[in-house]
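Chain identifiers are assigned alphabetically (A, B, ...) following the order of the sequence lines, protein sequences preceding nucleic acid strands; residue numbering begins at 1 within each chain.
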Amino acid sequence: MSHDLLAGLNPEQLRAVTWDKGSALVLAGAGSGKTRVLTTRIAWLIQTGQVSPMGVLAVTFTNKAAREMLTRLSAMLPINTRGMWIGTFHGLCNRLLRAHHRDAGLPQLFQILDAQDQLSAVKRVLKALNVDTEKYEPRKLQSFINMNKEAGLRADKIEAYDPYTRRLAEYFAEYDAQCNREGVVDFAELLLRSYELLSRNAMLREHYQERFRHILVDEFQDTSRLQYDWLKLLRAPSNAIFGVGDDDQSIYAFRGANVANMAHFQQDMGIEEVIKLTQNYRSFGTILDAANAVISHNSNRLGKDLWTTAGRGELIRHYEAPSDLDEARFVVEEIQGLHREGMAYADTAVLYRSNAQSRVIEHALFSAGMPYRVYGGLRFFERAEIKHALAYLRLIANHDDDNAFLRVVNFPTRGVGARTVEAIDAAARAGGVSLWAAACAQGAGKKGLAGFVQLIEALRIETQGMSLAEQVEHVVARSGLIEHYKSERDGEDRIENLSELTNAATAFAGESESQDLADFLAHAALEAGEHEAQAGQDAVQLMTVHAAKGLEFMAVFITGLEEALFPHENSLTEVDGLEEERRLMYVAITRARQRLYLTHAAQRMLHGQPRYGLPSRFLQELPAELVQTIGGWRKTSALAAETMESAPPAPSRAAALPYRVGARVQHPRYGEGVVAGYQGQGAEAEVRVSFPKIGDKWFILEYARLTPC
DNA sequence: AACTCTTTAGTCGCG
DNA sequence: CTAAAGAGTT
C-alpha cells in the first residue's frame, strides 16, 4: 500500500517522509517539495498504523498552507480530515481555548481582536489613562505589547530599566486588564493564553501530550520564541516533533520570527543530523546558481546549495534604467513580448521591496491596457462595512465587547453623539461595567441610545433558533447598514460585500458543520479572507517580495534593486538586518522558474522627491557569467560597486569616494545634507548632495568642502 | 454630523 | 507626492 504513497520521492524526501528515529529537522530549500514531504509523511504515519488521525498535530503559519495540507491529505488517504488537528498556530490555540475556556479564564464566547481592533483597544486604554499620545504612540504600544507577548512575557515580567519602558509596561498591563473585562483576546494572546493554560494545568497538558504522538511544524524558521515553547510544552518526551523549514528564507524577524529556533531545536531534541532537501523542482540551473551565490554571502547559515537536473536555462537579464518610469516601461514591454510568445499574464510577476513602488508599475500597465493584480491591501473581513456588520453580531454574542459597541453605537447615525458616548464611558468606568451595561442604565432618557439598546436586544431575541446564515442576513438587514450605504455615492460595492457576508456564513456553516455564531466570528477574525481583487483572471501579478514567498512564476521581475531600497536603508541599522535583506533577495530569485529579470533605476521619485540610487550590492554578488545586461544607459556600474562595503576594496579609487550614498555630511555653506550619488570618474568625479531645504547640489569631489557628521 | 483643512509620516505584514 | 488621521469649521 505505502508503495503508492512513496512513489516518485527522491532519496532525501523518502528519508524525511519515513524518518522513524524520533524528532527530526528537515532543511527544505525553496522548491524542494516541502509540502509534499509534510503531507506524505502524515499519510505514511497513518497508513502504516504508527498513529491515528487524532494523534497528529500539524502546524502551519497561514490558512492557505493549512488548507493545502488538508486537501492533499484527503486526496492521499480515504479519511475524514475534519477533527484532525491541522491548522495555524492561532487556529489551534483558538480551538484549545474554546474547549477549555473556563480553565483559561475566558468567557465561553470570547471574541478575537484583529490588528485593527487591537489598535483601537490600545487607543482607548491610552485615552482612559489620559496619556499623551504624542509621547506614547498607540502603534508603538501595540507593537510593544505584541513583541513581548510573542516572547512569552506578560507586563509584570518585563524588565524595564528606563522610565519610558516602565510606562509602556504599565499601559500593557492596563490593556490586558481591559481585554479581560471585555472578554476579548488579541492574536498574540491566543498563543500566550494557551501556553499558560498548558503550563499551569498538568492534567490538561498530559492529556494532550499523550494524544499528539506526532507533531509536525511547517516553516519552522518563522516560529517565535513563544510558539517554540508552546510546541515543546505539547510534546511528551516519548513523542516526536518533525520540523521543516529553511533558514535562508527567514524574512519575518520583524514580526517576531526567531530563526535561532532551528538551532535550539537541534540541541533540545538531540538531533544529530539535519535532513536536507536540496533538489529543486522549480527553476533552471542558472537561477539556482544565482540564488546560491547571493545567499553564500551570509554567515550563520545551516548551509545548503540548491541543484536541479533541469539544465542551465536562460541567462538572467539585467536592465539598468535611468528612472523608475523607464524601469516600469521596460517591464511592461518585456511582459508584452512574453505574452506575444504565448506566456499567460498570470505567469509573470513583478516584485518590489516596498508597496509604494507599485504605483509607477501599475500606471504603466494600466496605460498599456494590460490586466494586473496587486496583492496586499484590504481583505474581505477587514473592510469597514463588514467590520460594522460583524460588530452588530459580536455585540449580540457578547454585550461586553466595548470595541464592537463603539463601532456601531452611532453607525448608522442615530443621534448618539460624542457627548453621549462620553457620558456612557464615564458611567461605565465609574461603575466598573461595560459600555453596554452603562448604556442600558442611562439609555431610557435618550432617544437614540434607547433605540440602539432595543435594536440589539431585539436582534438577539429574533435570531435565536435561526441558522447561522439566517442570523447574519437578518442582522445585516435590520442594522440599517444597507440603507445607509444606499445613500452613499459609491456604496454599491459595500452593499454587495454585505450580501457576500451572508454567503460567507453559508459557506462556513457548510464547511465546518457549525451553526455557532461565535465560531463564525472567530473564523472571520482568524481568516481575514483572500485579497479579493480580480482573483482568477489572467493578470500580471504585482506584489512585494515578502508576499511572493511560497509562490512561483514562469517569469519574475525583481525591480528597484538599488542601495537603500533593496537592501532597505532601515535594515542597515538593524542587527542582522543586511542578512535578512539578503535572504529576501534569495526568496525573490527562487520564485522564478524559467526567466528572471533584475532591474534598477538610477533615479526614482520617493516622497515626492527624486532620489539617486546606486545599483544594489546584491547585483554585485551575482556571478557575472550568469547575467546578461540588456539595454542599459550606462556602460558600467563599476564605479558604483566600489562604494559598497561588501565589494572587494579598490584602494586607489575608494579614497576618491569618501562617503557612502546616504551618508550624512556637513557643508560649510549649505549645512547638513545627505550624499545622493556620484557622477564621473577621477578628477572630474562629482558628488551629489541632498540638502533638506535647498534640494540637490552637485560638487566637484576634489574641491567640495564636506565633512562627515 | 458632514465637510474641509492641516499635519504628518512614509519597509516588510501571517493570524 | 499622497494617504490617512486628527483638528477645526459650518
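Within the 4.0 angstrom heavy-atom criterion, base atoms lie near A:E574. Residue A:N94 is classed as having no contact, given no heavy-atom separation below 4.0 Å to the nucleic acid. If you check every strand for non-hydrogen atoms under 4.0 Å, A:D222 touches nothing. Here A:N410 lies in heavy-atom contact (under 4.0 Å) with sugar-phosphate atoms only. Residue A:K549 is classed as having no contact, given no heavy-atom separation below 4.0 Å to the nucleic acid.
Residues A:E382 and A:Q116 bring no donor and acceptor atom of their side chains to less than 3.5 Å of each other. Side-chain contact check for A:N398 and A:Q111: no donor-acceptor pair (N or O, by modelled atom type) lies under 3.5 Å. Using modelled atom types, one finds no donor on one side chain facing an acceptor on the other under 3.5 Å when comparing A:S224 with A:N258.
Atom CD1 of A:I558 is separated from atom C1' of B:dC12 by 16 Å (rounded to the nearest Å). Taking atom CG of residue A:L192 and atom P of nucleotide B:dG15, one finds them 20 Å apart after rounding to whole Å. Look at CZ on A:R583: it is 15 Å from C1' on B:dT11, rounded to the nearest Å. B:dG13 atom P lies 13 Å from atom CG of A:L378, rounded to whole Å. Taking atom CD on A:E422 and atom P on B:dA1, their separation rounds to 14 Å, with Å as the unit. Atom OH in A:Y352 sits about 19 Å away from atom P in B:dG10, given to the nearest Å. For A:R139 and B:dT8, the CZ to P distance is 18 Å, given to the nearest whole Å. Taking atom CD on A:E581 and atom C1' on B:dC12, their separation rounds to 8 Å, with Å as the unit.
When the nucleotides B:dC12, B:dC14, C:dA3 are ranked by their closest atom to the side chain of A:T544, B:dC12 comes out on top. Here the side chain of A:R359 is nearest to one of C:dG6, C:dA3, B:dC12, namely C:dA3. Candidate nucleotides B:dA2, B:dG15, B:dC14 were compared by shortest atom distance to the side chain of A:F61, and B:dC14 ranks first. Residue A:T62 places its side chain closer to B:dG15 than to any other of B:dC12, C:dT2, B:dG15. For A:H607, whose side chain is taken as the heavy atoms from C-beta onward, the closest listed nucleotide among B:dT11, B:dG10, B:dG13 is B:dG10. In the set B:dG15, B:dT11, B:dA2, B:dT11 carries the atom at the smallest distance from any side-chain atom of A:N570. Closest to the A:F187 side chain, of the nucleotides B:dG10, B:dC12, B:dG15, is B:dG15. Taking only side-chain atoms of A:R379, from C-beta outward, the nucleotide of B:dG15, C:dT2, B:dA1 with the closest atom is B:dG15.
In terms of the salt bridge (charged side-chain N to carboxylate O under 4.0 Å, His left out) criterion, residue partners of A:K140 (sequence neighbours excluded) are, by chain and number, A:E137. Scored by the side-chain contact (heavy atoms from CB on, under 4.5 Å) test, A:V421 finds A:L406, A:V409, A:V416 as partners (sequence neighbours excluded). In this structure, the ring pair (Phe, Tyr, Trp, His ring centres under 6.0 Å) partners of A:F452, at least two apart in sequence or on a different chain, are A:F405. Residues that satisfy the salt bridge (charged side-chain N to carboxylate O under 4.0 Å, His left out) test with A:R255, not counting sequence neighbours, are absent from this structure.
Within the structure, every pair that satisfies the salt bridge (Lys or Arg N to Asp or Glu O under 4.0 Å) test and touches residues 572-581 of chain A, not counting sequence neighbours, is listed here: A:R353-A:E581, A:E580-A:R583.
Only the C1' atoms considered, C:dA5 is 22 Å distant from B:dC12, to the nearest whole Å. As rounded to the nearest Å, C:dA4 and B:dG13 have P atoms that lie 15 Å from one another.
Between A:R301 and A:N298 there is a side-chain heavy-atom pair separated by less than 4.5 Å.
Checking the phosphate oxygens (OP1, OP2) of B:dC14, no side-chain nitrogen or oxygen of A:N63 falls inside 4.0 Å. Between A:K149 and B:dG15 there is no side-chain polar atom (N or O) within less than 4.0 angstrom of OP1 or OP2.
If you check residues 253-262 of chain A against DNA chain B, the residues with a heavy atom closer than 4.0 Å are A:F254, A:R255, listed by number.
Stacking of A:H546 onto the six-membered ring of B:dC12 is not present when judged by under 5.5 angstrom between centres and under 30° between planes.
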